[in-house]
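For reference, the structure discussed in these notes is given below.
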Amino acid sequence: MVTRTVDLRSDTVTKPTEAMRAAMANAEVDDDVLSYDPSALLLETEMAKVTGKEAALFVPSGTMGNLVSVLVHCNIRGSEVILGNNCHIHIYENGGISTIGGVHPRTVKNNDDGTMDIDLIEAAIRDPRGEIVFPTTRLICLENTQANSSVMSYGMISNQCSCGGRCLSVEYTDKVGELAKKHGLKLHIDGARIFNASIALGVPVHRLLQAADSASVCLSKGLGAPVGSVIVGSKSFIAKARILRKTLGGGMRQVGILCAAALVALHENVLKLEDDHKKAKMLAEGLNQIKGLRLNVAAVETNIIFFDVVEGAKITAEKLCKNLEQHGILVMQESPVRIRVVLHHQISESDVQYTLSCFKQALAGRVREENGN
């Protein structure tokens, strides 16, 4: 019988704290579709200030936040957006920019550090003189931090890209912003974990987003709120985004109940991200010492760790995950060889040590079984 659970599947699995539940119960609310909900207005005002933008808008999810942002910038069907081949918008958001918005994605390869080469981005921008045959480039999207780590698997051999959890620097983001302006394009940043990047880099959020025309910021990942994201940008951008949010079914009435919890997360959990990063590094260093696992400790910059089960381990990632689950350790299998774990503020140092002990037992036990047979 499992008596202890350590949920490392994502930083989205956090449970609302007692302070959040109290704030939700006591939230002052009104009709947000009519722009009167005071708790929503307070959250949006604070988020606009923190991100250095004119205005903000609460949305139910990061996927909706990115979709709305892309559609505002690419308001003509047949527009094209340049984004990373490994980014969340392209891989994990149901192709919504295409199926709903008629926006064509043009991908550029993500490097191991999450960047795309500047010259490759520029080369991907369509020549306006070819508009009779090409879609029209209108937007560039970046992601900070990068959520995904791609892997191409051939049996038990993997060719990996270790950009998951990596931070984009101010210098890089500024260069992409300058390129966008040079060609008359807009820049959107998927900042689902921008607070993680800010803490890891020691750079304020508003500076990391300075070059962006818009950004989406998730409240229900590292910050630990139960629901929601915020879109930020200019007043005119947010006015258009509010209309699209309603079109997509995201116009919620007394949404201040959710915004109240998000405000608690914003006030109480940002500084906890540094501890999340330290515990992630501690876990990564421990995993790196276990025979049968392979990971790049230097690539662990924030709260996300990717690692591979190597061929010599004589155990598959699938079997390892099932073994860990029997001991209450929940992780995310990404491929036949790759596993992802994500730290959050409800994971303790004791949880990290327990997790390492379970990994050691799972791999060592499997090796003894094979030898015994």
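Computation of the quantities below employed the complete heavy-atom set of this structure, encompassing side-chain atoms and omitting hydrogens, waters and symmetry-equivalent molecules. This one's a predicted model, so the numbers in the text were calculated from it and none came from an experiment.
With a 4.5 Å cut-off on side-chain heavy atoms, V217 and F195 count as touching. Under the 4.5 Å side-chain criterion, counting only non-hydrogen atoms from C-beta, E143 is not in contact with I89. Side-chain contact check for V170 versus L208: some heavy-atom pair is nearer than 4.5 Å. Contact check for S350 versus R4: side-chain heavy atoms found under the 4.5 Å cut-off. In this structure, D351 and S348 have side chains that are in contact, with non-hydrogen atoms separated by less than 4.5 Å. You'll find the side chain of T355 stays beyond 4.5 Å of the side chain of V352, heavy atoms only. With a 4.5 Å cut-off on side-chain heavy atoms, K278 and E349 do not count as touching. The closest side-chain heavy-atom distance from L179 to H183 is below 4.5 Å.
Shown here are the ring-ring contact (aromatic ring centres under 6.0 Å, His included) partners of H73, two or more places apart in sequence or in another chain: F237.
Both L142 and V232 sit in one connected hydrophobic cluster of ILVMFWY residues. Membership requires side-chain heavy atoms under 4.5 Å apart, directly or through other members. Note on I118 and L185: same hydrophobic cluster, where clusters join Ile, Leu, Val, Met, Phe, Trp and Tyr whose side-chain heavy atoms are under 4.5 Å apart, directly or indirectly. Hydrophobic clustering, with ILVMFWY side chains joined whenever heavy atoms are under 4.5 angstrom apart, groups I305 together with V297. Under the 4.5 Å side-chain contact rule for hydrophobic residues, L223 and I199 share a cluster. L83 and I91 fall into different hydrophobic clusters, defined by Ile, Leu, Val, Met, Phe, Trp and Tyr side-chain heavy atoms under 4.5 Å apart, directly or through other members.
Remark: the backbone N or O of D30 is paired with a side-chain donor or acceptor of D37 at under 3.5 angstrom. The main-chain N or O of D276 is never found under 3.5 Å from a side-chain atom of N303 such that the two would form a donor-acceptor pair. No side-chain donor-acceptor contact under 3.5 Å links S216 to the backbone of G62. The closest donor-acceptor contact from the side chain of R138 to the backbone of V81 lies at 3.5 Å or more, if one exists at all. Without hydrogens or angle criteria, K360 side chain to I290 main chain gives no donor-acceptor distance under 3.5 Å. Looking at K240, its side chain never comes within 3.5 Å of a backbone N or O of N75 through a donor-acceptor pair. In terms of modelled atom types and a separation under 3.5 Å, the side chain of D213 and the main chain of H188 share no donor-acceptor contact. Side-chain atoms of Q346 come within 3.5 Å of backbone N or O of K15 as a donor-acceptor pair. No donor-acceptor pair under 3.5 Å is formed between the side chain of T115 and the backbone N or O of N111. Looking only at distances, a side-chain donor or acceptor of H327 sits under 3.5 Å from a matching main-chain atom of N323.
By the 4.0 Å N-to-carboxylate-O rule, R294 lies close enough to D308 to be salt-bridged with it. Taking a cutoff of 4.0 Å between a charged side-chain nitrogen and a carboxylate oxygen, R245 and D32 qualify as a salt bridge. Salt bridge D117/K109: absent, no basic N to carboxylate O contact under 4.0 Å. Taking 4.0 Å as the cut-off between side-chain N and carboxylate O, K322 and E318 count as a salt-bridged pair. With respect to R207 and D174, a salt bridge is recorded, a charged nitrogen being found less than 4.0 Å from a carboxylate O.
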Are S234 and S236 close enough, and set up right, to give a side-chain hydrogen bond (donor to acceptor under 3.5 Å, both in side chains), and what steps lead you there? CA-CA 5 Å; S234 66; S236 62; 3.2 Å; yes
Given side-chain hydrogen bond (donor to acceptor under 3.5 Å, both in side chains), test D275 with H345 step by step and report yes or no. CA-CA 8 Å; D275 286 335; H345 74 96; over 6 Å; no
As a quick check of understanding, evaluate side-chain contact (heavy atoms from CB on, under 4.5 Å) for V2 and Q326, giving each step before the final call. CA-CA 7 Å; V2 176; Q326 291 173 1; 5.6 Å; no
Test log, rule side-chain contact (heavy atoms from CB on, under 4.5 Å), inputs L67 and E93: CA-CA 8 Å; L67 177 60; E93 298 184 6; 5.7 Å; no
side-chain contact (heavy atoms from CB on, under 4.5 Å) assessment of N288 paired with F307: CA-CA 9 Å; N288 196 43; F307 58 92; over 6 Å; no
Between H206 and T51, is a side-chain contact (heavy atoms from CB on, under 4.5 Å) present by the stated rule, with each step listed? CA-CA 4 Å; H206 68 83; T51 58; 5.5 Å; no
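One finds the CG atom of L295 at 10.0 Å from the CD atom of E285 (value rounded to the nearest 0.5 Å). Here the OH atom belonging to Y172 is positioned 4.5 Å from the CE atom belonging to M116, to the nearest 0.5 angstrom. With rounding to the nearest 0.5 Å, the separation of SG in C141 from NZ in K186 is 13.5 Å. For the atom pair CG (L320) and CG (L293), the distance works out to 7.0 Å, reported to the nearest 0.5 Å. Taken from CD1 in I257 to OG in S39, the straight-line distance is 9.0 Å, to the nearest 0.5 Å. Note that CG of L324 is 6.5 Å distant from CD1 of I329, once rounded to the nearest 0.5 Å.
The two residues S69 and I231 have their closest heavy-atom pair at OG-CG2, 3.4 Å. The shortest non-hydrogen separation linking I304 to Q146 is CD1-O, 4.2 Å. In this structure, T173 and A211 approach most closely via the heavy-atom pair O-CB, 3.8 Å. Across all their heavy atoms, Q333 and S335 have their closest contact at NE2-O, 2.9 Å. Heavy atoms only, all atoms of each residue included: L219 and A262 are closest at CD1-CB, 3.7 Å. The two atoms that bring L343 and L8 nearest to each other are CD1-CD2, 4.3 Å, heavy atoms only.
In the model, H90 has no side-chain atom that pairs as donor or acceptor with a side-chain atom of N85 under 3.5 Å.
Crowding of L120 atom CG: a count of heavy atoms from other residues, nucleotides or ligands under 6.0 Å exceeding 12. Remark: E54 CD is packed, more than 12 non-hydrogen atoms of other residues, nucleotides or ligands lying under 6.0 Å away. Heavy-atom neighbours of K281 NZ from other residues, nucleotides or ligands within 6.0 Å: above the threshold of 12. Few gaps surround NZ on K272; more than 12 heavy atoms of other groups in view lie less than 6.0 Å from it.
Checking each of L43, V227, L263 against L258 for a side-chain contact (heavy atoms from CB on, under 4.5 Å) leaves exactly one that passes, namely V227. The one candidate from K279, R193, K221 that meets the salt bridge (Lys or Arg N to Asp or Glu O under 4.0 Å) condition with D11 is R193.
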Only pairs under 3.5 Å count here: list side-chain donor-acceptor contacts from residues 98-106, not counting sequence neighbours, and write none if there are none.
residue	atom	partner	partner atom	Å
S98	OG	V103	O	2.9
T99	OG1	G95	O	3.2
H104	ND1	E80	OE2	2.7
R106	NH1	A124	O	2.6

